[in-house]
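Protein chains get the first letters and strands the later ones, always in sequence-line order, with residue 1 at the start of each.
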Amino acid sequence: MVELSTSARKGLDDYLQQVRTYLRWSKSLDRHEVEQNITEHIERELEGSPEPVSASVLDGVLARLGSPRQWVPPEAMHWWGKLILKLRTDSEDWRLSYISFSLLLVGVLLMFLVSPLQVVFFAGSFITARAALAAAGPEDLGAQKWLLYPILLAVSVAFVLTLFLGPALLAGIVAAELHEVHWIRRDSHMGAIAFVYTATMLVTSLWWMLLGLISCKWPGLIRQPLRPFADRFNRRRGLAISGVGLLLLAFLAGFVALYMNGAFDIFMG
Amino acid sequence: MNDRFFDNWSTQLRKGMLELCILNAIDGTRLYGYDIVRRLRETDALVVSEGTVYPILSRLRREGFVETTIEESAEGPARKYYTVSEKGHGILARMNECWSKMKTGTDKLKQEG
């Protein structure tokens, strides 16, 4: 073996590592045979060169050999080999997209095993998806969006449902419990259903009014967690949420007034 | 634009022709991998990147179109020599015939055009 300079040795090691990476996933090649042929080829090419062989001389030989990437056509690779190669060699943002989607798939598979671990995988998938989104920007996502949007959409829907309906659900549960308390049941002059309904609607309307005002003041609080789906959320939409809350409150006031006047007695006893 | 088109076209053509050229290079003789590359290199505009030859040799061997023999070398480690197998002779004849027809057809079209 000809003697190589330190930098040339490093260059050769890197090149052979690339050779191994690309040949590993081929269906129809004996990678040891190819690697041996390549090593011998390099040795023969370097014969007669002044030793230690410099990196520039070696680079000329490697340039004529070409990039191992072009040696194996995609159709000669296993599908999982193509996927792993993409992860290892594609640009950073695509790698993040593949990792995100893989974590999501593992999380979904774990759902069938009723394992709490799925939450960790979903969280990991969401975090990497957001990192990929930040790296590429929503306009330049291209086909990556098919890998990123499933987890982003799922988390966004869960976030919106929790944000808007979570307090209502909580209020309904608490109201049902409170109505069991004797003096509350007596003083409210309401049946259980009407009491729970009134409490739920009251909390919902007040919460939406407050949420609308907060998001009107700081629209980023809605935009950021829901990226890229709420990128157009602005102050006007925050006010609209407050408006809907106000309408609900007015509707509730009407309901309570009618209820107290016995308009629903026929339905609620 | 024209250059890029020509580059793509000639690269595809070379890739498609390389297996035929390798088989022809070792038909009736047996060559060491590096010598095959050298012979192809002598044929101008044939090899896109020299490394491409080695995976093709490996694939042809796995398909049974070439056979290998290992011999000790005075200059270094044992060398692997490649030659066309019996099965390879069959496919090589068909490939050469196909190429001949394509070349004749292309020449005919060029003359008539």
Side-chain angles (χ1 to χ4, degrees), chain A residues 1-4 11-49 51 53 57-78 81-82 85, chain B residues 7-8 10-19 22 25-26 30-83 91:
Chain A
M1 180 74 194
V2 290
E3 193 188 343
L4 302 175
L12 179 60
D13 289 345
D14 288 348
Y15 187 82
L16 290 177
Q17 185 56 46
Q18 269 192 63
V19 171
R20 286 181 207 114
T21 301
Y22 283 106
L23 298 179
R24 183 171 297 149
W25 312 110
S26 165
K27 289 184 278 192
S28 55
L29 297 180
D30 178 341
R31 67 187 172 99
H32 297 294
E33 179 186 20
V34 178
E35 189 180 335
Q36 188 186 14
N37 278 335
I38 293 290
T39 311
E40 286 173 10
H41 178 104
I42 293 167
E43 277 186 40
R44 290 290 299 272
E45 285 282 286
L46 294 176
E47 273 175 12
S49 301
E51 295 185 34
V53 173
V57 172
L58 177 74
D59 286 347
V61 174
L62 299 184
R64 286 196 296 279
L65 274 169
S67 163
R69 185 170 200 154
Q70 56 185 309
W71 299 352
V72 187
E75 62 271 17
M77 300 181 82
H78 298 287
K82 278 184 246 182
L85 263 182
Chain B
D7 288 344
N8 286 339
S10 61
T11 302
Q12 293 304 317
L13 186 65
R14 283 187 197 123
K15 276 185 181 170
M17 290 300 295
L18 207 45
E19 281 148 338
I22 289 171
I26 57 175
R30 53 191 203 101
L31 289 175
Y32 169 50
Y34 179 72
D35 288 335
I36 298 171
V37 174
R38 272 211 321 211
R39 279 197 71 177
L40 294 173
R41 196 192 288 169
E42 286 162 11
T43 311
D44 275 351
L46 196 58
V47 182
V48 181
S49 73
E50 293 176 357
T52 316
V53 173
Y54 296 113
I56 292 174
L57 276 173
S58 176
R59 199 160 61 246
L60 290 173
R61 188 181 62 76
R62 281 209 161 178
E63 296 275 353
F65 297 137
V66 301
E67 291 169 342
T68 55
T69 46
I70 295 177
E71 281 187 19
E72 293 301 320
S73 163
E75 298 167 35
R79 286 178 176 176
K80 187 180 273 184
Y81 286 87
Y82 293 86
T83 189
I91 194 78

Query raised in the report: At their closest point, which heavy atom of A/Val34 faces which heavy atom of B/Ser58, and how far apart are they?
Result: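 Residues A/Val34 and B/Ser58, closest heavy atoms: CG2-CB, 3.7 Å.
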
Query raised in the report: For B/Tyr34, which residues count as a ring-ring contact (aromatic ring centres under 6.0 Å, His included) partner, sequence neighbours excluded?
Result: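 With neighbours one apart ignored, the set is A/His41.
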
Query raised in the report: Counting heavy-atom pairs under 4.5 Å to chain A, which of B/Arg38, B/Glu63, B/Lys80 comes out on top?
Result: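 Ranked by contacts with chain A, first place is B/Lys80.
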
Query raised in the report: Relative to chain B, which of A/Leu65, A/Leu23, A/Leu62 shows the most heavy atom pairs under 4.5 Å?
Result: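 Option with the top pair count is A/Leu65.
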
**Report entry** Pair A/Val19-B/Tyr54, side-chain contact (heavy atoms from CB on, under 4.5 Å): steps then yes or no
**Finding:** CA-CA 11 Å; A/Val19 171; B/Tyr54 296 113; over 6 Å; no

Requested in this report: Quick one: pull up CZ in B/Arg79 and CZ in A/Arg44 and give me the separation to the nearest 0.5 Å.
Outcome: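 Interatomic distance, B/Arg79 CZ to A/Arg44 CZ, rounded to 0.5 Å: 4.5 Å.
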
Query raised in the report: Measuring heavy-atom distances to chain A, does B/Arg59 have an atom under 4.5 Å in its side chain, in its backbone, in both, or in neither?
Result: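 Both parts, heavy atoms under 4.5 Å.
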
Requested in this report: Could I get the full list of salt bridge (Lys or Arg N to Asp or Glu O under 4.0 Å) partners for A/Asp59, not counting sequence neighbours?
Outcome: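 Residues passing salt bridge (Lys or Arg N to Asp or Glu O under 4.0 Å) with A/Asp59: none at all.
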
**Report entry** Charged N-O contact under 4.0 Å between B/Arg41 and A/Glu45
**Finding:**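 Looking at A/Glu45 together with B/Arg41, the answer is yes, because their closest N to O distance falls below 4.0 Å.
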
